[in-house]
Every structure is written in structure tokens, then in C-alpha cells.
A.B. asks: 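The structure is given below, and queries will be raised subsequently.
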There are 2 protein chains.
Amino acid sequence: MRNAEFDREQVLRSAMNAFMRKGYANTSMQDLKKATGLHPGSIYCAFENKRGLLLEALEQYRLDRSAEFEQFFSASQKTIDNLKLYLDNVVVECLSCDNTQACLMTKALNETAEQDIEIQQIISNNLSMLQQAFTEKFEQAKEEKGISAHKDCEHLARYFLMGIYGLRTFAQTHPEPEVLKQLAEQLYQDVLR
Amino acid sequence: MRNAEFDREQVLRSAMNAFMRKGYANTSMQDLKKATGLHPGSIYCAFENKRGLLLEALEQYRLDRSAEFEQFFSASQKTIDNLKLYLDNVVVECLSCDNTQACLMTKALNETAEQDIEIQQIISNNLSMLQQAFTEKFEQAKEEKGISAHKDCEHLARYFLMGIYGLRTFAQTHPEPEVLKQLAEQLYQDVLR
DNA sequence: TTCCTTCTTGAATGTTCGTTCAAGATACTC
DNA sequence: GAGTATCTTGAACGAACATTCAAGAAGGAA
């Protein structure tokens, strides 16, 4: 027997970043080789093919973001404040030029639209989970009297998510800190109101 | 002498749709041949190369959308109502499955990010023009007393555009009419308030 | 009609892509 | 320490890609 030499999670995160930077179609096996340090044969042995690597990278991304999400909501006692922290972090992410700048989910969603139904479905499910997570946080905020009792938490979650999508796209053309912060602030106020 | 047989605008619109459906990288010359009815040689003769075709398609898209934009604001006397009409139309577009479903600008923006700076710049400029057009409409609405006098029209335009971006992305995963209409309604209310 | 210019055609080109595979390297088992 | 199962390597593969180009078709001028 012999174990694989590479760290699977680390490889997946490298692939994740490569896909986010150039998109799925524009990331060649050579790019992936350079990014992951794995030779083509190893990639095909471990992930079946390029698409399999994307599928696992998407799942790793979901896990990582899910963990990150929960971390934000252990920061303060008040859920509504943590939602603001989360939103502010989106802005920070948008502004970090050296980083990937976009969300792997929405990036892959845009690219595989009407082409790969399975990937489309997986991403839809993942984003639905995120939406559900937001819904729960808004319900929690309602219990804490952070938002008014007559609000529809599902709607708030959808609106919040829509705002985040929009913020990310907007940031691609106008990555000006003040503007993005102002937009995020307004989104937060509109959700609270 | 001899004139070209094809209608340039019609070819550009066909290419536009092909690029929107599959994305730039995933649209092959064969796809473009099928979509436009032009043979590779003609395409290269008329547009230099695939990228040149995208560049002209982007410009045609801008022109078409610009004309469509102005049409919305000749519908009613009140600018604020026309903004609602525009927003409702975005929802309708999102829901028309047979159609392209996405905006060529944001689609290409996502795909060429950090890869083709020139295209990136062109799209940024085009989206800035749209933002500017919205700003002017909001200022017009302010003069008509449709929105309160102390509002920052530039900010409103940015927020409105952000909402539209978000709506489009959201629709890709959840194309449910009631949900999208509710989101658009809330966006409109938040902008008015 | 004849000639010339321009457009159209589609097969051919070189390149790059994702993918495969056989040889070599390595660690575990007995 | 020999044997073996598994992983790693990277050259090689066919397919698909964007692009080219020479031959053919067609309109305008004379």
C-alpha cells in the first residue's frame, strides 16, 4: 500500500482559486498543474477529470464558506450586528484585488448556464442553503427584537442575498471603497427597516 | 465592386445571442457559423477575429439597450413610473426561458475578468453610461417631485443598478415569478423611500 | 459580353486542449 | 529485504479549437 502524497483539501483550494481567477473553461490543465502542483495523471486519478475537479472544488468551497459563515455569527451577541459584519466582509472581499474577487458559485453559475444542468443544480442547491442560513439568522434576529416582528424572514434573506450578488457584480466595474460601503450600508438599512 | 451579402447588424445580434447563451469561451466558430450563417472566412474578413466579433457585438448590444432604455421613458409622463416599468421588464426578461436570460455585459465581464483588460474597460465604460442614464432619470424624477429632494441621485442610480445585477443573478437559481416580482417591488420601494 | 474587383466558401493549418497510459518511484506488508 | 500494490510522472494521443488561404462565385464597369 501507499498513500497519496498531496493534501486533498489544499489541492482543491488551489483549484478553486484557479477556477475563480480565470473561470472554468479558461483554466487549462496546465494552469491546474501549476496551481495544484499535481501532474495531469494524478489529477485524473484523483478526480476523474477536469469537471470532477470542479465538482469537488465546489463542494470544498461550500464547506469553507459555510464554516466561515458560522464564524461570523459567533462574533457578537446580537445577530443583526453579525449580519452587518458579514456584509462588511463582502465589501472587503470585493476590494481585495490580489484575491479571487468573485464567488466561485456565481462565477461557475454564469459560465455553465444552460450547458451543464447537473452543475447548475448543485450550485442552485448550495445557494439555496446559504439563503436558508440567512433566513435562520433573520429569524434569530427577530427573536432578539433586532428586526420588527411582522417581517418575512424568507423575503429578507432573499433580498439580502440579491444585494450581495449585486454588490459583487457592481464591484467588478467600480471597486471604490466608499461607494461599495455606502451601497452595503443602504442594503443593511433597507433590510432592517 | 461588390457589396457584402449579409446584414451586419443582424449578424451581430445573432453573435450576441450565441455569446449570451454559451459564454464567449464556450462559443466555438462552428457555433458562430451556425448562429450567424457566415462562414469562418467571412467572419474573419468582416471582424478580424472572434474577439473582434465580441467587441462589435458588445457595441451593438450597448446601442440596442440604449435605444430600448429611452423607449421605456417615453411610456408615461412620470419618470418614476417608467423606472418601475423598466424594473418590471428586467423581471420579465429573467423569466423568459427561451431567451438569453442574462446580460451580455455582465456575462462577458464575469468571463474576461483579469484576462482581457481592454474588454473589461469597455464593459466598465458601458455600464457607467447606463448608471449615468439612471442618474439622469432619477434627477428628472426629483424635479417631478417623484422622489424627495434631499436624495442623492447618483447613489440611487448605483443602488438601482446593483439591485438589477442582483436580481439577474438571483433569477438564475430561483426563476420563480412571484419571488422575483416581490424582490423588484422591494427594490423599487427602497429606492423611492 | 468581358474583365476586374470583391466577397464567399470550406478544406487545410498549426496550436492547444483534455485525456490516457506505460514506465518509474515509493511505501507498506510479510 | 524481497514482493507488491499504489501513486507519480510526463510524453503521447486524438479531438477540437481559432485562424488562414486559395479557389470559386458574383456584382459592377466598360
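Residue numbering restarts at 1 for every chain, and letters A, B, ... go by the order of the sequence lines.
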A.B. asks: Using heavy-atom distances to pick each residue's nearest nucleotide on DNA chain C, tell me which of B/S42 and A/G41 is more 5'.
C.D. replies: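 First, find each residue's nearest nucleotide; the 5'-ward one identifies B/S42.
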A.B. asks: For B/I43 and C/dC7, what is the distance between atoms CD1 and C1' respectively, to the nearest whole Å?
C.D. replies: 14 Å
A.B. asks: Specify the separation, in whole Å, of atom CG of A/L32 and atom C1' of D/dT9.
C.D. replies: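 Nearest whole value for this atom pair: 17 Å.
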A.B. asks: Mind running ring pair (Phe, Tyr, Trp, His ring centres under 6.0 Å) on B/F160 and B/Y188 for me, showing each step along the way?
C.D. replies: CA-CA 8 Å; B/F160 201 65; B/Y188 184 67; 7.5 Å; no
A.B. asks: According to a strict under-4.0 Å criterion, is B/H39 in side-chain N/O contact with OP1 or OP2 of C/dT8?
C.D. replies: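 Checking C/dT8 against B/H39, no side-chain N or O comes under 4.0 Å of OP1 or OP2.
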A.B. asks: Side chains of B/Q189 and B/E185: do they bring a donor and an acceptor to under 3.5 Å?
C.D. replies: yes
A.B. asks: Please tell me whether B/Q132 and B/E136 have a donor and an acceptor in their side chains that are separated by less than 3.5 angstrom.
C.D. replies: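 Per modelled atom types, B/Q132 and B/E136 side chains form a pair under 3.5 Å.
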A.B. asks: If a protein heavy atom is under 4.0 Å from the base, mark B; if only from the sugar-phosphate, S; if neither, -; do that for nucleotides 12-19 of chain D going 5' to 3'.
C.D. replies: -----SSB
A.B. asks: Just how far, in rounded Å, is P of D/dT20 from NZ of B/K33?
C.D. replies: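 In whole Å, D/dT20 P and B/K33 NZ are 18 Å from each other.
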A.B. asks: How far apart are the C-alpha atoms of A/R8 and A/E56, what are their side-chain angles, what is the distance that settles it, and do they pass the salt bridge (charged side-chain N to carboxylate O under 4.0 Å, His left out) test?
C.D. replies: CA-CA 10 Å; A/R8 200 172 180 90; A/E56 278 211 40; 2.6 Å; yes
A.B. asks: Between C/dC7 atom C1' and B/D7 atom CG, what is the distance in whole Å?
C.D. replies: 16 Å
A.B. asks: Measure from CG on B/L38 to P on C/dC7 and round the result to the nearest Å.
C.D. replies: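 Rounded to the whole Å, the gap is 12 Å.
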A.B. asks: Not counting sequence neighbours, which residues clear salt bridge (charged side-chain N to carboxylate O under 4.0 Å, His left out) with A/R51? List them please.
C.D. replies: A/D116, A/E118
A.B. asks: Would A/N126 and A/Y61 count as having a side-chain donor-acceptor pair, cut-off 3.5 Å?
C.D. replies: no
